[in-house]
Amino acid sequence: MSDVLVGKGITKTFDDGRQSLPVLQGIDLTITAGQRVCVFGRSGSGKSTLLHILAGLLDADAGEVWVGDTNLTECSSKERALLRNRALGFVYQFHHLLPEFTALENVAMPLLIRGDSTKSARSKARELLREIELDERMEHLPKQLSGGERLRVAVARAVVGDPQVVLADEPTGSLDADSASRVMELIQSVSETRGTAFVIVSHDEGSSVYAHRTVRLSEGHLVGDV
Ligand SMILES: Nc1ncnc2c1ncn2[C@@H]1O[C@H](COP(=O)(O)OP(=O)(O)OP(=O)(O)O)[C@@H](O)[C@H]1O
Ligand SMILES: [Mg+2]
């Protein structure tokens with residue numbers, strides 16, 4: 001199975017001049033095509049920091065991130081943005097949908113950014129929203145959607161461009177148990193139908209039933225089957 005995302009020796013310390021906080025101390029992580037991996041860890045253990053480094057949104061102090069056969073660490077910010085648009089998806093805890101755009105427009109956005117025609121982007125977004133049973137909500141603004149619906153739209157936006165891997169930072173953290181299960185079921189089904197790998201940060205150990213493997217971030221190290 002090919003590796004879609006590899007972190008090697010990722011190290012990160014936050015230093016505000018007064019205090020030095022070592023958060024990641026040499027993280028190795030390999031995600032293969034289509035694999036779903038849950039990352040657990042207590043609040044403040046560095047889960048978001050790790051995800052941001054894997055997405056090239058934050059620089060590590062040391063180590064490398066490979067997306068397929070591209071070394072993200074060595075890319076310019078322009079190359080990273082291009083790679084993020086084509087090969088990576090990101091789902092945030094609080095969805096981060098664009099408030100002034102409809103669900104359909106939000107899902108079409110990554111395709112428009114990569115240069116697809118409006119017609120083709122909207123048609124692909126419409127098809128995906130239909131597939132995930134949000135056809136009745138396409139023309140709604142984020143504020144007109146429930147929390148669970150917003151997260152499902154955010155998952156659709158992350159996968160619409162068929163990235164190899166999606167990084168999801170506590171996608172269910174703000175939801176009740178039923179909505180959280182629905183979002184995790186959606187992640188599982190889109191991952192299976194499209195072959196998309198997912199790295200899912202979660203507080204809820206129950207999420208592991210949706211994953212192929214789980215790892216735990218503790219004291220700057222990943223423990224488990226990495
Ligand atoms: N930009 C920053 N500057 C200084 N310290 C930071 C910065 N970002 C994060 N930290 C610190 O690094 C540690 C890890 O933060 P991070 O957000 O990665 O944790 P987390 O595991 O995602 O927590 P949570 O589960 O609460 O989201 C925390 O102690 C946090 O205060
Ligand atoms: Mg976090």
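Every value quoted in this text rests on a predicted model; they were computed, and no experiment measured them. In each ligand, atom 1 is the first atom listed, and ligand 1 is the first ligand listed. Heads up: numbering here begins at 1 and tracks the sequence.
- Residue I10 forms a side chain to side chain contact (heavy atoms under 4.5 Å, CB included) with just one option from T49, D61, T73, L54, and that option is L54.
- S48 CB, 3.8 Å is the protein heavy atom nearest to atom 17 (O) of ligand 1.
- Of the listed residues (S207, P171, S208, S191), just one forms a side chain to side chain contact (heavy atoms under 4.5 Å, CB included) with I200, and that residue is P171.
- Of all the atoms in ligand 1, the ones that sit under 4.0 Å from a non-hydrogen atom of H203 are 25 (O).
- Ring-plane geometry between Y92 and F90 is classed as tilted, the angle between the planes lying from 30 to 60 degrees on a 0 to 90 degree scale.
- Nearest residue to atom 12 (O) of ligand 1 from V201, V23, L50 is V23 (criterion: closest heavy atom).
- The shortest heavy-atom distance from G46 to ligand 1 is under 4.0 Å.
- Between L151 and V91, the closest side-chain pair of non-hydrogen atoms falls below 4.5 Å.
- Only the side chain of E170 comes within 4.0 Å of ligand 1, judged by heavy-atom distances.
- When the options V39, T49, L24 are ranked by their closest heavy atom to atom 16 (P) of ligand 1, first place goes to T49.
- Between K12 and H52 there is no side-chain heavy-atom pair separated by less than 4.5 Å.
- Assignment of Q93 to the shell around ligand 1 is not supported, since no heavy atom sits closer than 4.0 Å.
- Nearest protein heavy-atom neighbour of atom 24 (P) of ligand 1: S43 OG, 3.6 Å.
- Coordination check, S43 versus the Mg ion (ligand 2): failed, since every N/O/S atom of the residue sits at 2.8 Å or beyond.
- Remark: minimum distance from atom 1 (N) of ligand 1 to any protein heavy atom is reached at F14 CE2, 3.7 Å.
- By the 4.5 Å heavy-atom criterion applied to side chains, L167 and L5 are counted as neighbours.
- With a 4.0 Å cut-off on non-hydrogen atoms, L217 does not touch ligand 1 at all.
- Residues R150 and H140 form no side-chain contact, since every pair of their non-hydrogen atoms from C-beta on lies 4.5 Å or further apart.
- By heavy-atom distance, the residue among P22, G44, S202, G220 lying nearest atom 20 (P) of ligand 1 is G44.
- E185 and R152 are not joined by a salt bridge, as no carboxylate oxygen comes within less than 4.0 angstrom of a charged side-chain nitrogen.
- Heavy-atom proximity to R42, at under 4.0 Å, picks out these atoms of ligand 1: 21 (O).
- Taking 4.0 Å as the cut-off between side-chain N and carboxylate O, D162 and K124 do not count as a salt-bridged pair.
- Distances from atom 31 (O) of ligand 1 to the protein include no heavy-atom value under 4.0 Å.
- Ranking protein heavy atoms by distance to atom 11 (C) of ligand 1, first place goes to L21 CD2, 3.7 Å.
- The protein heavy atom nearest to atom 25 (O) of ligand 1 is K47 NZ, 2.7 Å.
- For S48 and D169, the side-chain atoms include at least one donor-acceptor pair closer than 3.5 Å.
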